[in-house]
> 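Take this structure, written in structure tokens, and hold onto it; I'll ask about it next.
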There are 2 protein chains.
Amino acid sequence: MAAVTSKTNAYEQLKTSILTLCLQPGADLDEASLSERYGLSRTPLREVLRELAGEGYVELRENRGARVSDMSFTTLREFFLAAPMIYGAILQLAAINRTPVQIADLKSAQRDFVVALQKGSVSQRTLANNRFHEITGEMAGNVYLLPSFKRLLIDHARIGMTFYKPSNNAMAEKLSEASEQHDAIIAAIEAGDEKRAAQLAEMHWNLSRGQIEMFVTPAGIEGQLGFAGENNDKKTA
Amino acid sequence: MAAVTSKTNAYEQLKTSILTLCLQPGADLDEASLSERYGLSRTPLREVLRELAGEGYVELRENRGARVSDMSFTTLREFFLAAPMIYGAILQLAAINRTPVQIADLKSAQRDFVVALQKGSVSQRTLANNRFHEITGEMAGNVYLLPSFKRLLIDHARIGMTFYKPSNNAMAEKLSEASEQHDAIIAAIEAGDEKRAAQLAEMHWNLSRGQIEMFVTPAGIEGQLGFAGENNDKKTA
DNA sequence: AGGCAAATTATTGTATGCAATTTGTATACA
DNA sequence: TGTATACAAATTGCATACAATAATTTGCCT
């Protein structure tokens, strides 16, 4: 998948559309309309869908078309169970096997992420973050860990698109914290400090989990509806 | 992939051919001859190849056809690095999430494996063993760990086909030891003993590694060429 | 009016033919 | 003898046409 053909174009566009929730989880994918949309016939488009299915972007159902891989509360739980393990292993190996060019790539990706953080859309930020982690996966250089890691990154991006909206200051703060962790990860990898890398991996996921919890249980509205407990002295506006 | 069509047939046959080394790592896969062989046109066969590529059975090269996923000394090293981790996690989760029907399936697969051990070919033994582990993967029920685990199982089968030939008594002994470990794994899963399950996972891979080392460094021919050290009192035959 | 069944429509699956790319080979030239 | 280039063969990629399957509508009967 190197040359710039309408096929690779469709492949990349579908990927980013799924990552940015432009195509929502569970959405039906019609072969006819998609092939027309991307300017190719159904045959190559079907092959693209098969490839995307292999990576976990879409699910194929026999005689019933493809749909974007679904996400549920169950998968969210599975996600946070598997993520620290896999990512911990990936970062450890990245710290061991990294090459100079890869480190340069990673730093470049981090610069892009910082820019996206400052003046990018939620999608751009998500994609930049995704690219950063993709590179760490490449650095690890283990074909057996990579499939699961890539699968994780798909849903990491989609979870990010859902929950990491900087609607309040606390969220924005978390995001800059994530950026600082990226810097720390780069430093640990560059230093070949595998223990530190593993530690940072876990911290990074704890941050993600914290952001989701913050989103699910919003702060700052206690008592507003008059349901506050007996000991609440605070006056309601 | 449920209905028995010539497409699913090609899919399954290619899978087992690759697992049993009937199609060797790195072997070229010609679309025309394969489509003729399995009695379907090139279009659906190409889709099958894409699906197999997604699971790690084959590698696709643009404009240059598919070939069976390669294995090298490097990948062997990556394998034994990733395997204990992934399989440890899989068995832990299997012990937690197992259902009665799954346990029954696992026991059934183990019975098949024992039969294959006694009077089956190397291929049959490998496939039965593979099926056993596949079921543990299903039991774990984590979509994020599964891709890597399945990728591992492919090469586990191929490594097994290469190294686990019971050419001597020691090898045969190792195999019955593997069977006993399977029984222990079933017991741990059924009891919901996740710690024990993780422990057994590591033991199982250590056994595999030992078998390979035994194959690579054959015993019983020291001194035969007269290169024995000074302190060797043993008479050569 | 409600439910079942047959026909219609829409969508997916497969086959074939042709275009584009790669690979192998032969020939000319340094 | 080694290298480069042009041509031929083989193989992959794509589009169109047709077949098979699923979804929907329509009409009929109860």
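Proteins come first, then strands; the chains are lettered A, B, ... in the order of their sequence lines, and each starts at number 1.
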> Once you round it to whole Å, what is the distance between C1' of D/dT11 and CD of B/Glu62?
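Distance check: B/Glu62 CD to D/dT11 C1' gives 14 Å.
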
> Using only side-chain N and O atoms of A/Arg46, determine if any of them is under 4.0 Å from OP1 or OP2 of C/dG13.
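For C/dG13, OP1 or OP2 has a side-chain N or O of A/Arg46 closer than 4.0 Å.
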
> Report the residue (B/Arg64 or A/Ser41) whose heavy-atom-nearest nucleotide on DNA chain D is the more 5′ of the two.
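Mapping each residue to its closest nucleotide by heavy atoms, the 5'-most match is B/Arg64.
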
> What is the separation between atom CG on B/Asp30 and atom C1' on D/dT12, rounded to the nearest whole Å?
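Value for this atom pair: 9 Å.
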
> Can you check the A/Glu47 CD to C/dT14 P distance for me, whole Å?
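It works out to 13 Å between those atoms.
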
> Relative to the ring of B/Tyr87, is the ring of B/His133 parallel (under 30°), tilted (30 to 60°) or perpendicular (over 60°)?
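B/His133 and B/Tyr87: perpendicular rings.
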
> Quick one: sort the B/His156 and B/His204 rings into parallel, tilted or perpendicular, breaks at 30° and 60°.
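Answer is perpendicular, since the angle exceeds 60°.
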
> Checking side chain to side chain contact (heavy atoms under 4.5 Å, CB included) against B/Lys150, which of B/Leu146, B/Leu153, B/Ile154 comes through?
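It is B/Leu146; the other options fail the test.
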
> Evaluate the side-chain proximity of B/Leu93 to A/Leu81: yes if any heavy-atom separation is below 4.5 Å, no if none is.
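A side-chain contact under 4.5 Å exists here.
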
> Considering just the side-chain nitrogens and oxygens of B/Lys7, establish if one lies under 4.0 Å of OP1 or OP2 belonging to C/dG13.
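Indeed not, no polar side-chain atom of B/Lys7 lies that close.
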
> Applying a 4.0 Å non-hydrogen cut-off, can you work out what B/Leu29 is touching in the nucleic acid: base, sugar-phosphate, or nothing?
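Sugar-phosphate only.
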
> How about CD on A/Glu31, more than 12 heavy atoms from neighbouring residues, nucleotides or ligands closer than 6.0 Å, or not?
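It does: A/Glu31 CD has more than 12 such atoms within range.
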
> B/Asn9 CG to C/dT14 P: how many Å, rounded?
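Roughly 13 Å, once rounded to whole Å.
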
> Could you give the CG-to-P distance, from A/Leu45 to D/dT16, as a whole number of Å?
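So the CG-P distance, A/Leu45 to D/dT16, works out to 14 Å.
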
> When you measure only distances, ignoring hydrogens and angles, does the side chain of A/Arg42 come within 3.5 Å of the base of C/dG13 through a donor and an acceptor?
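Yes.
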
> With a 4.0 Å limit, can you tell me whether B/Arg50 has a side-chain N or O closer than that to the phosphate oxygens OP1/OP2 of D/dT12?
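B/Arg50 to D/dT12 OP1/OP2: no side-chain N or O under 4.0 Å.
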
> Just to be sure I understand the rule, does A/Arg67 reach a base, reach only the sugar-phosphate, or reach nothing, if contact means heavy atoms closer than 4.0 Å?
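A/Arg67: no heavy atom of the nucleic acid under 4.0 Å.
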
> Grab the CG-P distance between B/Asn63 and D/dG13 for me, whole Å please.
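In whole Å, D/dG13 P and B/Asn63 CG are 5 Å from each other.
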
> Once you round it to whole Å, what is the distance between P of D/dC14 and CG of A/Leu49?
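Checked: the CG to P distance equals 14 Å.
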
> Without decimals, in angstroms, what is the distance between A/Glu51 CD and D/dG13 P?
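Interatomic distance, CD of A/Glu51 to P of D/dG13: 10 Å.
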
